[in-house]
Each structure stands twice: as C-alpha cells, then as structure tokens.
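See structure below.
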Amino acid sequence: ESQDSNADAKFTLANPPNSSQIVGFTSTTIQISWLTSAATTYWIDQSSVSSTSGFIHAATTTASPHTNTALTPSTTYYFRVRAINGNFIPTNYDGVITTQTYPLAPTAPAFVGAVISSSAISWSWDTQNNVTNFIVRTSTGGTLVTLLGSATSWLEINLTSATSYTRSVRAQNPSGFADSSVATRT
C-alpha cells in the first residue's frame with residue numbers, strides 16, 4: 001500500500017458571519033457578537049478613523065461574542081467581522097458596526113458649603129468634564145437631590161438654625177461613580 005505524499009486537505013468556503021452587533025461596552029472595552037457560520041475562525045478588524053478606512057486586525061477568535069480590550073475612553077470605534085475557512089480563505093465582511101466607548105469615571109469633586117442665612121446653605125463643587133449627574137446626599141447616605149452634570153451648586157433651604165449639616169456630593173457618568181466629597185456647615 002502506498003500513501004500519496006502529495007495529499008492536500010481542501011476546505012469549502014466558509015459562510016460569512018451576519019447580524020454583527022455591539023452587545024456591551026465600557027470605557028475601555030467593546031463586546032461584539034454575530035451569528036456564526038460553519039467557519040473555524042473569525043477575524044475582527046477595528047478602526048478608530050472611519051467606517052471605511054484605518055482598519056487593523058484586532059483579534060482572531062473561534063466564537064461569538066468577543067470582547068475587544070485596551071481601548072481608549074470616549075473614542076468611536078468601527079468593527080467588521082469575517083469568517084476564515086481551514087485554508088485561510090476569508091469571506092466578505094459582515095457590515096461595519098460602530099459605537100463609542102464611555103469616558104473614564106469622574107473624580108471626586110472639591111466640595112464646600114457656604115452659610116447663606118439661618119435656614120439656608122449653598123453647597124458648591126468644581127466643574128468637571130464627562131459628568132452625567134451630581135448626587136447630593138445626607139451624612140447617612142440618603143439622596144437629597146440629583147442634578148445634571150453641568151450643575152456646580154445647590155441651595156438647601158428650610159434648615160433649622162444653629163444646626164450642623166454634613167452633606168456629600170458624588171459625580172456620576174456611565175462608567176461609574178466618583179468617590180464622595182464631604183462638607184460640613186453650621
């Protein structure tokens with residue numbers, strides 16, 4: 001019996017993946033998924049330039065979903081996926097999908113209180129970028145008010161005279177919360 005030393009495995013072309021979509025993201029990761037085909041491998045390309053240029057090979061995987069890591073916060077990314085058969089012949093790409101990573105979580109704001117009258121304190125904090133909300137809370141953690149990220153102060157009224165008040169403010173954005181900053185005024 002002789003063996004054919006010139007035997008070569010050939011694979012049929014893979015079916016391209018389809019229905020690529022973004023299924024999750026943070027400030028430094030984006031998870032994408034697609035409907036799989038009979039391919040053995042998938043190539044994922046990414047670009048932060050545009051949907052038509054600047055693509056680089058980002059990952060090779062055998063399964064969906066896949067999480068792309070070490071991305072830059074507040075950056076728009078474009079992805080495209082294609083299947084590869086056993087002879088490394090690629091399919092066409094599925095459509096380009098895109099999303100923007102979240103900004104980094106905010107930092108703790110500088111926070112002070114200024115007595116306005118015997119029944120009012122003006123609480124204020126520094127301006128910050130990429131803040132969705134500021135949450136002013138009591139010393140026991142109860143929320144007094146949630147303000148838009150553009151706010152830099154809040155006037156608390158109807159307070160009891162000659163009483164000490166401790167409040168905290170916490171900045172928030174889609175990536176999370178900053179540490180609380182605490183201030184006390186009498």
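Computation of the quantities below employed the complete heavy-atom set of this structure, encompassing side-chain atoms and omitting hydrogens, waters and symmetry-equivalent molecules. Just so it is clear, the model here is predicted, and its values are computed rather than measured.
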Are R185 and S164 close enough, and set up right, to give a side chain to side chain contact (heavy atoms under 4.5 Å, CB included), and what steps lead you there?
CA-CA 6 Å; R185 292 305 296 177; S164 179; over 6 Å; no

Applying side-chain hydrogen bond (donor to acceptor under 3.5 Å, both in side chains), can you list everything that pairs with [X], at least two apart in sequence or on another chain?
{"X": "T52", "value": "S50"}
{"X": "T166", "value": "T184"}
{"X": "N68", "value": "none"}
{"X": "T76", "value": "none"}

Which residues share a salt bridge (Lys or Arg N to Asp or Glu O under 4.0 Å) with R82, sequence neighbours left out:
none

Please name all residues satisfying salt bridge (Lys or Arg N to Asp or Glu O under 4.0 Å) with D94, sequence neighbours left out, ordered by chain then number.
none

Which heavy atom in [X] sits nearest to a heavy atom in [Y], and how many Å separate them?
{"X": "T61", "Y": "I44", "value": "CG2-CD1, 4.0 Å"}
{"X": "A83", "Y": "P17", "value": "N-CD, 3.5 Å"}
{"X": "N85", "Y": "L13", "value": "ND2-CA, 3.8 Å"}

Quick test of your reading: applying ring pair (Phe, Tyr, Trp, His ring centres under 6.0 Å), list the pairs with at least one residue in residues 130-150, sequence neighbours left out, ordered by first then second residue.
W125-F134

Pairs involving residues 78-110, ordered by first then second residue, that meet ring pair (Phe, Tyr, Trp, His ring centres under 6.0 Å) (sequence neighbours left out)
F25-Y102

Restricting to pairs with a member in [range], which pass salt bridge (Lys or Arg N to Asp or Glu O under 4.0 Å), not counting sequence neighbours?
{"range": "residues 15-28", "value": "none"}
{"range": "residues 141-159", "value": "E156-R167"}
{"range": "residues 121-140", "value": "none"}
{"range": "residues 48-65", "value": "none"}

In Å, rounded to the nearest 0.5 Å, how long is the span from CZ of R170 to CZ of F177?
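With rounding to 0.5 Å, CZ (R170) is 5.5 Å from CZ (F177).
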
L104 vs N130, side chain to side chain contact (heavy atoms under 4.5 Å, CB included): CA-CA, chis, key distance, verdict
CA-CA 8 Å; L104 289 175; N130 300 316; over 6 Å; no

List the steps and the verdict of side chain to side chain contact (heavy atoms under 4.5 Å, CB included) for S122 and I116.
CA-CA 6 Å; S122 177; I116 302 300; 3.7 Å; yes

Closer than 3.5 angstrom, by distance alone: can the side chain of S47 be matched with the main-chain N or O of V49 as a donor-acceptor pair?
yes

Has the side chain of S181 got a donor or acceptor atom that lies under 3.5 Å from a matching backbone atom of V169?
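Side chain of S181 to backbone of V169, a donor-acceptor pair under 3.5 Å: no, none is there.
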
